There are 2 protein chains.
Amino acid sequence: MNAIRVLLVDDHPVVRAGLRAMLSDFEGITVAAEAADGGAALAALARLHALGEPVDVVLMDLQMGDGMDGVTATGKIKAGAAGQPPPPVLILTTYDSDADILAAVEAGASGYMLKDAPPEQIRQAVLSAASGQTALAPEVAARLMGRIRNPEPALSSREIQLLELLATGLGNRAIAKQLFISEATVKTHLGHIYGKLGVDNRTAAISVATQRRIIRRL
Amino acid sequence: MNAIRVLLVDDHPVVRAGLRAMLSDFEGITVAAEAADGGAALAALARLHALGEPVDVVLMDLQMGDGMDGVTATGKIKAGAAGQPPPPVLILTTYDSDADILAAVEAGASGYMLKDAPPEQIRQAVLSAASGQTALAPEVAARLMGRIRNPEPALSSREIQLLELLATGLGNRAIAKQLFISEATVKTHLGHIYGKLGVDNRTAAISVATQRRIIRRL
DNA sequence: CCTCCGGTCAACCAAAAGGTTGATCGTCGC
DNA sequence: GCGACGATCAACCTTTTGGTTGACCGGAGG
């Protein structure tokens with residue numbers, strides 16, 4: 001049986017070295033190539049395909065230095081026309097926010113592992129992904145289950161819109177003016193938002209919304 | 001000449017493996033031990049010291065899974081009574097916010113490196129630290145220089161500390177309790193912060209501070 | 001058809017935050 | 001020793017927020 005050929009994608013040399021060292025210790029797994037960002041990953045994929053040495057599994061970080069993040073890269077890999085069967089993508093990240101997990105899964109990732117996972121767990125995940133199965137870290141699986149059992153109240157798009165203006169530091173009056181509604185309505189919306197996020201003031205709402213990636217922050 | 005003995009502290013097995021592989025490739029550097037968190041690091045330090053094999057440099061992540069973070073651990077190491085000369089502590093982290101850098105430096109860290117640094121830079125930093133010098137990543141150094149040159153928005157470290165609590169959504173009273181100061185003092189500090197950042201409310205302060213990377217987004 | 005829900009608005013009250021002035025204390029540098 | 005500055009606190013007042021209640025409209029769905 002041929003070894004599973006893995007493509008490592010991470011912008012941290014340290015992490016790449018760790019993954020390389022870790023995977024090399026396992027039987028049946030070899031590191032075919034490495035890339036520091038999404039663009040390089042796509043290039044490496046194409047290059048290896050042209051050489052007749054296709055990659056079996058892509059092991060990729062979710063947050064990368066340059067513009068393209070793991071989710072976008074996953075989408076591109078999955079949509080990649082050239083070779084018929086795009087390789088399974090395994091996401092390896094530090095955080096396990098709901099939004100990240102959902103986004104990764106929706107983009108077509110075959111798995112979602114955390115960087116603090118023990119080597120054996122990572123090995124299993126690579127093996128699973130190579131055989132076409134899905135691999136989720138226990139913590140991630142538990143989180144998804146909890147989400148299904150206990151769905152969080154979803155914010156309406158209007159509320160998210162409010163939240164974004166809120167995060168820029170605007171006061172209620174300014175938000176009202178911006179959205180062409182009355183200050184009273186702004187207060188009503190904010191009250192609903194606080195309730196849904198489980199907080200009781202605007203700064204906490206921003207904090208929670210940012211952590212859950214309901215709104216983005218640059 | 002004896003090799004420099006390094007203690008690796010990071011809660012991610014992957015990162016530890018990477019650092020180990022990376023440092024092992026260098027002449028004159030050996031990994032004496034590894035620890036997954038601050039507590040284990042202190043224990044390892046004591047154990048190695050008892051064995052007569054003191055570590056020359058501690059290479060530690062700033063954010064660790066358990067309670068104790070890198071800054072706290074650094075402080076404990078520096079204060080560690082047992083062996084007379086505490087080893088230099090080199091902080092290795094993903095982010096380069098003012099808040100993190102200042103906290104690390106104040107805690108007595110000998111250096112501050114970013115995880116996306118090339119191997120050679122890390123090697124240089126370990127060497128510098130071992131010889132008692134300070135090693136800052138270029139990005140970090142530039143940031144500190146800018147801070148000195150631009151006295152315009154020079155927030156004191158106390159103010160940055162306030163800002164961080166502010167960003168978690170705490171109210172003035174809660175912040176006061178957290179810092180063991182009165183609510184009046186919190187208001188005074190906030191007033192100064194608003195003035196320096198050119199804003200007039202807490203949410204705007206968080207927004208500006210985040211964009212200027214005075215504090216880190218979580 | 002009628003109910004549920006999102007979005008809109010109002011009035012009112014309580015609490016929190018913001019603005020101002022002024023004061024004490026320590027440390028640092030000149 | 002003096003002056004500057006950061007950190008601390010207090011009292012006072014104004015503005016902003018948060019919390020509650022109640023109401024109207026319009027669309028989606030049973």
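All figures in this text were calculated on a predicted structure; none of them were measured in a lab. To find a chain, count down the sequence lines: A is the first, B the second, and so on, and within it residues start at 1. What you see below is based on every heavy atom in this structure, not just the backbone, and it leaves out hydrogens, waters and symmetry mates.
Taking every nucleotide of DNA chain D with any atom under 4.0 Å from a non-hydrogen atom of chain A, the first and last of them, 5' to 3', are D:dT16 to D:dG19. Bracketed by its first and final contacts, the part of DNA chain C lying under 4.0 Å from non-hydrogen atoms of chain B reaches from C:dA16 to C:dG19 in 5' to 3' order.
A heavy atom closer than 4.0 Å to some atom of DNA chain C occurs in no member of residues 169-179 of chain A. Contacts between residues 187-194 of chain B and DNA chain D, defined by a heavy-atom separation under 4.0 Å, are made by B:Thr188, B:His189.
Between B:Val6 and B:Thr30, every side-chain heavy-atom pair lies at or beyond the 4.5 Å cut-off. Side-chain contact check for A:Met60 versus A:Val89: some heavy-atom pair is nearer than 4.5 Å.
In this structure, the side-chain contact (heavy atoms from CB on, under 4.5 Å) partners of A:Ser182, at least two apart in sequence or on a different chain, are A:Ala184, A:Thr185. Take B:Gln161 and apply the side-chain contact (heavy atoms from CB on, under 4.5 Å) test, not counting sequence neighbours, and it matches B:Arg158, B:Leu179. By the side-chain contact (heavy atoms from CB on, under 4.5 Å) test, B:Thr168 is found to be paired with B:Leu170, residues two or more places apart in sequence or in another chain being considered. By the side-chain contact (heavy atoms from CB on, under 4.5 Å) test, B:Val208 pairs with B:Leu197, B:Val199, B:Arg212, sequence neighbours left out. Looking at residues two or more places apart in sequence or on another chain, you find no salt bridge (Lys or Arg N to Asp or Glu O under 4.0 Å) involving B:Arg202.
Screening residues 159-184 of chain A for salt bridge (Lys or Arg N to Asp or Glu O under 4.0 Å) gives A:Glu159-A:Lys196, A:Arg173-A:Glu183 as the qualifying pairs, with residues at least two apart or on separate chains. Sorted by first and then second residue, the side chain to side chain donor-acceptor pair (under 3.5 Å) pairs involving residues 116-127 of chain B (not counting sequence neighbours) are B:Glu120-B:Arg123, B:Glu120-B:Gln124.
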Practice prompt. Report the C-alpha separation of A:Ile193 and A:Ile160 in whole Å, then their side-chain angles, then the decisive distance to 0.1 Å, and conclude whether the side-chain contact (heavy atoms from CB on, under 4.5 Å) test is met.
Written response: CA-CA 9 Å; A:Ile193 291 172; A:Ile160 293 179; over 6 Å; no

Item to complete: Evaluate side-chain contact (heavy atoms from CB on, under 4.5 Å) for B:Leu90 paired with B:Val58, printing each intermediate quantity in order.
Response: CA-CA 6 Å; B:Leu90 207 48; B:Val58 177; over 6 Å; no

Discussion item. Test side-chain contact (heavy atoms from CB on, under 4.5 Å) on B:Val15 and B:Lys115; report intermediate values, then the result.
Written reply: CA-CA 9 Å; B:Val15 176; B:Lys115 276 189 184 168; 4.2 Å; yes

Item to complete: Given side-chain contact (heavy atoms from CB on, under 4.5 Å), test B:Leu114 with A:His12 step by step and report yes or no.
Response: CA-CA 9 Å; B:Leu114 299 180; A:His12 298 341; over 6 Å; no

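Rounded to 10 degrees, the angle separating the terminal helix axes of the helix from C:dC1-D:dG30 to C:dC30-D:dG1, each built from five base pairs, is 50°.
Within the nucleic acid shown, A:Ser156 comes within 4.0 Å of sugar-phosphate atoms alone, with no base atom in reach, counting heavy atoms only. Heavy atoms of A:Thr185 sit under 4.0 angstrom from at least one base atom.
Checking side-chain atoms of B:Ser24 against main-chain N and O of B:Arg20 turns up a donor-acceptor pair under 3.5 Å.
Going from atom CG of A:Leu59 over to atom CG of A:Leu7 covers 8.5 Å, rounded to the nearest 0.5 Å.
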